[in-house]
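Letters A, B, ... are given to chains in the order of the sequence lines, protein chains preceding strands, and every chain is numbered from 1. Note that the coordinates shown come from a computational prediction; the quantities given were computed from them, not determined experimentally. Computed from heavy atoms alone, side chains included, the values below leave out hydrogens, waters and symmetry copies.
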Protein chains: 2
Amino acid sequence: MVSQAEENYLKAVFAISEKEGKSATTNAIAATMQTTAASVTDMLKRLADKNLIAYEKYRGVLLTPDGRRIATELIRKHRLWEVFLLEKLGFAWDEVHELAEQLEHVQGDALVDRLDAYLGYPKYDPHGDPIPDAQGRWTLRQQVPLVTLQPGERGTVTGVQDHSSAFLQYLDQLGLGLGVEVEMLERIPYDQSARVRAAGKTELMLSEKVCQNLFVKTN
Amino acid sequence: MVSQAEENYLKAVFAISEKEGKSATTNAIAATMQTTAASVTDMLKRLADKNLIAYEKYRGVLLTPDGRRIATELIRKHRLWEVFLLEKLGFAWDEVHELAEQLEHVQGDALVDRLDAYLGYPKYDPHGDPIPDAQGRWTLRQQVPLVTLQPGERGTVTGVQDHSSAFLQYLDQLGLGLGVEVEMLERIPYDQSARVRAAGKTELMLSEKVCQNLFVKTN
DNA sequence: AATTATTTTTAGACTAGCCTAAAAATTGAT
DNA sequence: ATCAATTTTTAGGCTAGTCTAAAAATAATT
Ligand SMILES: [Mn+2]
Ligand SMILES: [Mn+2]
Ligand SMILES: [Mn+2]
Ligand SMILES: [Mn+2]
């Protein structure tokens with residue numbers, strides 16, 4: 001049995017370490033979980049006892065195969081529920097994450113698989129993040145931050161780096177959602193902001209911060 | 001804040017006391033929750049401190065208005081999720097309860113109301129139990145145990161008393177689901193079993209136990 | 001290399017929720 | 001009314017998970 005708290009820690013370790021294959025530090029986990037380093041050390045011992053992480057004092061941690069499987073299933077559930085909340089219940093993309101944080105802990109293999117089928121086996125969640133399949137396989141995507149596009153280059157919005165409500169609502173306001181075509185028109189050297197054409201017509205001024213947090217697939 | 005454990009206790013008190021308006025005893029709650037009387041007493045003190053129950057030592061408990069509201073919302077969520085699992089995900093009526101026990105604890109007013117709308121504001125759950133509306137109002141139904149029907153009388157199956165998998169699966173096997181028309185043909189004095197016509201054609205022999213656990217609305 | 005700064009772990013304490021065993025209160029039976 | 005049976009509460013202890021403060025280990029600087 002794995003508790004909800006344990007699941008959340010595994011997810012945090014996955015998010016931190018799986019990016020680069022490097023181990024997750026106590027402080028990094030504490031920051032992600034919004035808790036203290038002492039609480040993290042406590043939990044790391046428990047997770048190591050259960051063989052869900054490889055832990056050496058002062059050396060950070062990595063997931064074991066079991067730990068990685070649990071984290072992957074949790075992410076799968078989280079993102080499927082996000083799709084459900086958006087597609088079926090009509091929530092906005094900035095409202096689904098908090099609810100999915102709760103729904104991801106509901107246990108039941110049949111539930112996940114039936115939900116997956118009901119949603120049509122989606123490969124990406126409302127933020128463009130990939131959804132692992134029932135075997136834990138990921139469908140990764142070629143995407144780059146908008147900031148890397150040269151003037152004249154075009155792309156399609158495929159995801160966000162920042163998942164905050166503030167950012168997502170601002171994108172809504174700008175008319176920038178997943179699937180929208182964008183063309184880089186000009187980079188302003190003074191502040192690294194960008195002039196961009198969206199959906200073939202609207203012309204927008206985007207700050208460097210926005211351009212760093214928006215992923216596009218180049219056409 | 002009300003924990004999941006507290007919510008479950010309130011639901012148990014509701015189930016026991018709201019039936020007759022009489023107070024729920026420590027032992028009755030312990031039996032429902034499958035725990036010890038000592039644990040119940042512990043929790044009753046906490047719930048009384050939060051003004052969710054009226055508790056006098058050795059005298060049993062009743063819900064306060066706040067407690068009743070929380071219990072009602074929990075039942076509403078539970079039964080709406082059961083409808084979702086059956087109608088949308090295709091689970092059988094004997095599979096939905098366990099999952100709903102988990103889903104009922106997901107917090108979010110908007111979630112419940114959107115789910116309700118998505119399901120078309122159902123008034124009854126897959127077992128025929130009433131679903132309170134957003135204002136906590138119940139749509140009660142005239143129904144009696146099948147055992148009370150006299151030979152020649154007809155009715156429509158509207159619910160079950162026993163929610164166990166064993167009973168529900170047996171009903172499936174007999175072709176007795178919600179909405180099926182039944183006619184009492186004969187009561188056997190020897191063992192109180194009954195000969196019943198189902199859906200206008202099939203003739204069934206039902207034990208007294210089955211007849212007590214099946215609710216019908218007389219036509 | 002020695003010292004300082006940072007990170008991590010340990011020590012000790014707290015709450016929620018559960019348990020068993022014993023004591024107290026209530027109910028039922030003579 | 002008294003005694004016995006039952007129900008309920010209390011007492012004490014356990015685990016999971018959290019915290020703060022202090023100690024220990026590691027990393028960075030001089
Ligand atoms: Mn999310
Ligand atoms: Mn997401
Ligand atoms: Mn149920
Ligand atoms: Mn039900």
Inset, instruction - Determine, stepwise, if the pair Lys50(A) / Asp66(A) fulfils salt bridge (Lys or Arg N to Asp or Glu O under 4.0 Å). - result: CA-CA 9 Å; Lys50(A) 293 188 173 186; Asp66(A) 273 359; over 6 Å; no

Legend entry - Contact under 4.0 Å: Thr25(A) side-chain N or O vs dT7(C) OP1/OP2: no

Inset, instruction - Before accepting this row, confirm whether a basic side-chain N of the pair Lys209(B)/Asp191(B) lies closer than 4.0 Å to the acidic partner's carboxylate O. - result: no

Legend entry - Flag side-chain contact, heavy atom, 4.5 Å: Glu98(A) against Gln107(B): no

Legend entry - Within 45° cone of Phe84(A) ring axis and under 6.0 Å: Lys88(B) NZ or CZ: no

Legend entry - Under 3.5 Å: donor-acceptor pair, side chain of Arg141(A), backbone of Gly128(A): yes

Legend entry - Whole-Å gap separating C1' (dT7(D)) and CD1 (Ile16(B)): 15 Å

Inset, instruction - Round to the nearest Å and state the distance from Tyr58(B) atom OH to dA23(C) atom P. - result: 13 Å

Legend entry - Distance test, side-chain N/O of Arg59(B) to OP1/OP2 of dT9(D), below 4.0 Å: no

Inset, instruction - Check whether any side-chain N or O of Thr36(B) sits under 4.0 Å from OP1 or OP2 of dC18(C), and answer yes or no. - result: no

Inset, instruction - Answer yes or no: is there an ion pair linking Glu73(B) with Arg69(B), defined by an N-O contact shorter than 4.0 Å? - result: yes

Inset, instruction - Would you please confirm or rule out a distance under 4.0 Å between OP1 or OP2 of dT8(D) and any side-chain N or O of Asn27(B)? - result: yes

Inset, instruction - Can you label the angle between the Trp81(B) ring and the Trp81(A) ring as parallel, tilted or perpendicular, going by 30° and 60°? - result: perpendicular

Inset, instruction - Report the distance from atom CG of Leu47(A) to atom C1' of dG17(D), rounded to the nearest whole Å. - result: 12 Å

Legend entry - Test item: Arg187(A) and Gln150(A) side chains (from C-beta on) under 4.5 Å apart, heavy atoms: no

Legend entry - Length of the line joining Gln34(A):CD and dC19(D):C1', which is rounded to integer Å: 16 Å

Write down the protein N/O and nucleotide N/O pairs, taken from nucleotides 3-5 of chain C, whose separation is under 3.5 Å; answer none if there are no such pairs.
none

Inset, instruction - Could you encode protein contacts along nucleotides 10-17 of chain C as a string, one character per nucleotide from 5' to 3', using B for base contact, S for sugar-phosphate-only contact and - for no contact, with a heavy-atom cut-off of under 4.0 Å? - result: B------S

Inset, instruction - Nearest whole angstrom, please: distance from the P of dT26(C) to the CD of Glu56(B). - result: 11 Å

Inset, instruction - For residues Ser193(A) and Ser207(A), report the shortest heavy-atom separation together with the two atoms involved. - result: CB-CA, 4.1 Å

